[in-house]
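FYI, side chains are in, hydrogens and waters are out, and symmetry mates aren't considered; it's all heavy atoms of this structure. So that the names make sense, note that chain A is the first sequence line, chain B the second, and so on, each numbered from 1.
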Amino acid sequence: MNNREIAGLLRAVSAAYEIKGENVFRIRAYDSAADSVDQASREVKDLWEEGKLTEIPGIGPNIAGHLEELFKTGKVKHFQEVFKEFPPAMFELLDVPGIGPKSAFKLTKALGINRAEGATQNLLQAAKTGKIRMLEGFGEESELQIIKGLEEFSRREDRMLLTAATQLAEEFVSYMKKEKACLRVETLGSLRRRAPTVGDLDLAVATRKPEQVIKAFTSYPGVKKILAAGDNTARVIHTSGRQVDVKTQTPQGFGALLQHFTGSKAHNIHLREIAIEKELSLSEHGIKKGEKLTEFTSEEKFYQAIGMKWIPPELREDSGEIEAAQKDTLPKLVELKDIKGDLHLHTNYSWISSHDAGVNSMKEMIEKSVKLGYEYVAIGDHNPSTNSYSPDRIVAEIKERTRLLEDIKYSYENKNTTRAIKVLNTLEVDILNNGKLAVPDEGLSLLDFVIVSIHSSMRMGKDQMTQRILSGFSHPKAKILGHPTGRLLNKREGFEADWDTIFRFAKEKCKFIEINSWPSRLDLPDTLVRRALQFGVQLVIDTDSHASEHMELMRYGVDVARRGWCVKSDIINTLSYAKIIDRLLK
DNA sequence: GCCGTTTTCGGCCCGACTGTTTTCAGTCG
């Protein structure tokens, strides 16, 4: 059972307890345990094997005992006992927008929908035949809401990639900025925290005329449906099917609004607990002491008022940032402008490549690097296909490519102008199933360094995969482990490996782990980035570009690094050329 | 059910919006 499934189970228990009228704090305990599991940097099952279950915040002796039983026997008797009173269909409805535990229970019970299979279809059928409006506590409006909710549920897509969310946000922000009543417009939520994927889009507007802002927002041509519109907030569905929320606040109170809706939920709950000790109450309106509300124009002042430094949004996940802000020990996070070169690119160089080639020439990729103001760039490609070439031929191909690159490189490295740039010769080389590299030593020796990656047999067992990676990574020329977990957001989980062992190895052998900036990768994931830092590992942020314009995606890799608490010195491609070749070529 | 550098008992985050209610419950973030 993976973390997502475990979190789902804990949420189901919470829902069941809610209907049973259990103690609200017990209900909340299961919810917060679920959130905590969702956010864990390691598999909960692994932590259990190491006897560290209760080190997960929100998991105490009781839930730990249940999870222990789950891992040992595959089920939890107590949970099964709890679930027994409820129609299995109920738990299927919990993910439908607008339906919470109470409604899910009432509906399934009253309509006799029992089976989990087809639960949502059966509910839709009941709604469309007017059965729901007859039930006590429901009416015509709620029946309509349920139909809408079910329709949204059935066509619900994955969470947006951060790139898509950024674009959609820009569309709304530029529209809202044209409305005179909007004094400031900012993004909120997971987008502002630069999370790898974003569910709903949240916007904040500073205004003295909220009604005008809400009107402008809900009448945006890209709005397909208005879900809610109050005095100060509104919620709509964009034509793309995405939900977009707007919240308004006066300029005097804008800092508190930004803070509140940037979240995360766990971060805010922790802040409010701290505030209570100071007899303060936090909300999106400001900070209350007794009945007296103090407003804040900026987040900096808001955080200051509760005794801590301003916290960069990327860190607001309640994973130690609040304590660090109180002690003024927050890291100075790496920034895009610190990056001095891209080390993982692909060109259209003509050999039969093991994987997709790029679309631009070596020269075009170098030109783009110059435009981005880089000091150096490593020109790479996938290794020649082992299916199409003999080992000798692979070496010959690399010789030929190296010769060509030397010529191009000469013209750039000797330019006595601002267009000068240092060029490195690299390849992304497959780590084969047996742990060997897909290029013979003689071929590797022609290169400055290589990036080694897994592109096949990703379902290998954890121990075998770990050994495979260590074996490939241990070659003296192998300096960077590319897109380490192999995950593809919304498509494929990363493969299993013992990351602690790999990080320990990387630290000891002076090897580097990649943060791949490709929007559907963002790999190493931020939680593992933070883990790597604990082992003293240095990382490299690359774009893995297959076209020159992809090189502009570097900021997304920087986002990941920032969420992983990286400072400049944790990232090797912030180093000068003289220093980085010392790391890569030695 | 969790948690503790004042506590191992007695606390536990805050508010907006909606619909179906005659004053509040449910859901959401």
Side-chain angles (χ1 to χ4, degrees), chain A residues 10 13-15 17-19 21-36 53-67 78 82 93-107 132-146 148-149 188-190 193 198-204 210 214 226-235 243-249 253 256-257 259-278 280-288 293 306 318 323 326-327:
Chain A
L10 294 172
V13 175
S14 160
Y17 276 164
E18 183 151 359
I19 298 155
E22 265 287 355
N23 179 306
V24 289
F25 299 109
R26 178 180 282 177
I27 296 166
R28 197 179 292 169
Y30 272 91
D31 262 332
S32 78
D35 288 343
S36 190
L53 269 187
T54 51
E55 287 182 16
I56 304 169
I59 294 192
N62 217 304
I63 295 181
H66 292 319
L67 293 181
H78 173 64
V82 172
L93 302 184
L94 292 175
D95 290 329
V96 178
I99 299 183
K102 301 261 169 95
S103 308
F105 180 62
K106 273 200 244 173
L107 289 166
I132 290 178
R133 67 181 72 181
M134 312 303 290
L135 304 177
E136 196 187 335
F138 294 87
E140 276 184 55
E141 275 303 318
S142 38
E143 188 172 81
L144 277 173
Q145 289 302 323
I146 286 170
K148 280 185 191 170
L188 303 166
S190 49
R193 299 199 310 278
V198 176
D200 303 331
L201 213 59
D202 297 297
L203 302 175
I214 298 297
I226 300 168
L227 295 179
D231 295 339
N232 295 298
T233 74
R235 170 168 299 165
Q243 183 179 313
V244 185
D245 293 6
V246 70
K247 336 265 181 189
T248 66
Q249 183 59 275
L257 182 77
Q259 194 292 318
H260 182 87
F261 287 105
T262 296
S264 66
K265 190 174 107 187
H267 175 87
N268 283 356
I269 288 174
H270 192 164
L271 284 187
R272 289 182 211 129
E273 284 166 358
I274 288 171
I276 285 170
E277 289 165 22
K278 303 175 196 283
L280 301 171
S281 170
L282 311 183
S283 79
E284 64 263 48
H285 304 296
I287 301 181
K288 266 199 277 193
L293 177 75
I306 45 175
D318 192 24
E323 292 81 355
Q326 287 175 315
K327 287 183 283 188

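Counting to the nearest Å, the C1' atom of B/dC12 and the CZ atom of A/Phe25 are 5 Å from each other. With rounding to whole Å, A/Glu273 atom CD is found 15 Å from B/dC2 atom P. Between A/Asn23 atom CG and B/dG1 atom P the separation is 9 Å, expressed in whole Å. Distance, A/Ile63 CD1 to B/dC2 C1': 8 Å, rounded to whole Å. Taking atom OH of residue A/Tyr30 and atom P of nucleotide B/dC2, one finds them 7 Å apart after rounding to whole Å. In this structure, A/Arg133 places its CZ atom 14 Å from P of B/dT21, rounding to the nearest Å. In this structure, NE2 of A/His270 is placed 15 Å from P of B/dC12, rounded to the nearest angstrom. Between the CD atom of A/Glu141 and the C1' atom of B/dG19 there is a distance of 8 Å, rounded to whole Å.
With A/Glu18 as the partner, the side chain to side chain contact (heavy atoms under 4.5 Å, CB included) test is satisfied by one option alone out of A/Arg28, A/Arg26, A/Lys102: A/Lys102. Exactly one residue among A/Asn23, A/Val24, A/Asp31, A/Val82 makes a side chain to side chain contact (heavy atoms under 4.5 Å, CB included) with A/Tyr17. That residue is A/Val82.
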Inset, instruction - Please test A/Leu144 against A/Arg133 for side chain to side chain contact (heavy atoms under 4.5 Å, CB included), starting from the C-alpha separation and ending with a verdict. - result: CA-CA 9 Å; A/Leu144 277 173; A/Arg133 67 181 72 181; over 6 Å; no
Inset, instruction - Decide yes or no on side chain to side chain contact (heavy atoms under 4.5 Å, CB included) for A/Ile274 and A/Gln326, but give the supporting numbers first. - result: CA-CA 11 Å; A/Ile274 288 171; A/Gln326 287 175 315; 3.6 Å; yes
Inset, instruction - Given side chain to side chain contact (heavy atoms under 4.5 Å, CB included), test A/Asp245 with A/Thr233 step by step and report yes or no. - result: CA-CA 7 Å; A/Asp245 293 6; A/Thr233 74; over 6 Å; no
Inset, instruction - Carefully, step by step, assess A/Lys148 and A/Gln145 under the rule side chain to side chain contact (heavy atoms under 4.5 Å, CB included). - result: CA-CA 5 Å; A/Lys148 280 185 191 170; A/Gln145 289 302 323; 4.3 Å; yes
Quick test: give all pairs of protein nitrogen or oxygen and nucleotides 3-8 of chain B nitrogen or oxygen below 3.5 Å, distance rounded to 0.1 Å.
from: B/dC3; atom 1: OP1; to: A/Gly58; atom 2: N; distance (Å): 2.8

Set out, line by line, the N/O atom pairs under 3.5 Å between protein and nucleotides 14-16 of chain B.
from: B/dC14; atom 1: OP1; to: A/Ser281; atom 2: OG; distance (Å): 3.4
from: B/dG15; atom 1: OP1; to: A/Lys288; atom 2: NZ; distance (Å): 3.4
from: B/dG15; atom 1: O3'; to: A/His285; atom 2: NE2; distance (Å): 3.4
from: B/dA16; atom 1: OP1; to: A/His285; atom 2: NE2; distance (Å): 3.0

Can you give me the N/O atom pairs linking the protein to nucleotides 22-28 of chain B at distances under 3.5 Å, or say none if there are none?
from: B/dG26; atom 1: OP2; to: A/Lys102; atom 2: NZ; distance (Å): 3.1
from: B/dG26; atom 1: O3'; to: A/Ser103; atom 2: OG; distance (Å): 3.2
from: B/dT27; atom 1: OP1; to: A/Gly100; atom 2: N; distance (Å): 2.6
from: B/dT27; atom 1: OP1; to: A/Gly100; atom 2: O; distance (Å): 3.0
from: B/dT27; atom 1: OP1; to: A/Ser103; atom 2: N; distance (Å): 2.9
from: B/dT27; atom 1: OP1; to: A/Ser103; atom 2: OG; distance (Å): 2.6
from: B/dT27; atom 1: OP2; to: A/Lys102; atom 2: N; distance (Å): 3.4
from: B/dT27; atom 1: O5'; to: A/Gly100; atom 2: N; distance (Å): 3.3
from: B/dC28; atom 1: OP1; to: A/Gly98; atom 2: N; distance (Å): 2.5

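Considering only heavy atoms from C-beta on, A/Gln259 comes within 4.5 Å of A/Leu271 through its side chain. Side-chain atoms of A/Ile146 and A/Phe138, non-hydrogen and from C-beta on, do get closer than 4.5 Å to each other. In this structure the side chain of A/Phe261 never reaches within 4.5 angstrom of the side chain of A/Asp202, judged on heavy atoms. Taking 4.5 Å as the limit, every side-chain heavy atom of A/Lys106 sits out of range of all side-chain heavy atoms of A/Leu135.
Using modelled atom types, one side-chain atom of A/Arg193 and one backbone atom of A/Thr262 make a donor-acceptor pair closer than 3.5 Å. In terms of modelled atom types and a separation under 3.5 Å, the side chain of A/Ser14 and the main chain of A/Tyr30 share no donor-acceptor contact. The closest donor-acceptor contact from the side chain of A/Glu284 to the backbone of A/His260 lies at 3.5 Å or more, if one exists at all.
Atom C1' of B/dT22 sits at a distance of 23 Å from the matching atom of B/dG15, rounded to the whole Å. Using atom P as the reference point in both B/dG26 and B/dT20, the two lie 14 Å apart (nearest Å). With both ends at atom C1', the span from B/dG11 to B/dT6 equals 14 Å, rounded to whole Å. If you take atom P in B/dT21 and the same atom in B/dT27, they sit 15 Å apart, rounded to whole Å. Across the C1' atoms, B/dC2 and B/dT7 are found 14 Å apart, a figure rounded to whole Å. Separation of the C1' atoms belonging to B/dT23 and B/dT18 is 15 Å when rounded to the nearest angstrom.
With a 3.5 Å ceiling on both atom-pair distances, B/dT8 lacks any Watson-Crick or G-U wobble partner.
Residue-level contact check: A/Ala229 touches the backbone only, with heavy atoms under 4.0 Å from sugar-phosphate atoms and none from bases. Note on A/Tyr17: only backbone sugar-phosphate atoms sit closer than 4.0 angstrom, heavy atoms only; bases stay farther off.
B/dT21 has its base anti relative to the sugar, with a glycosidic angle deviating from 0 by more than 90°.
Here A/Ser142 reaches the OP1 or OP2 of B/dT20: one of its side-chain N or O atoms lies under 4.0 Å away. Under 4.0 angstrom from either OP1 or OP2 of B/dT18 there lies no side-chain N or O belonging to A/Gln145.
Both A/Gly139 and A/Arg26 lie close to DNA chain B; mapped to their nearest nucleotides by heavy-atom distance, the more 5′-ward contact belongs to A/Arg26.
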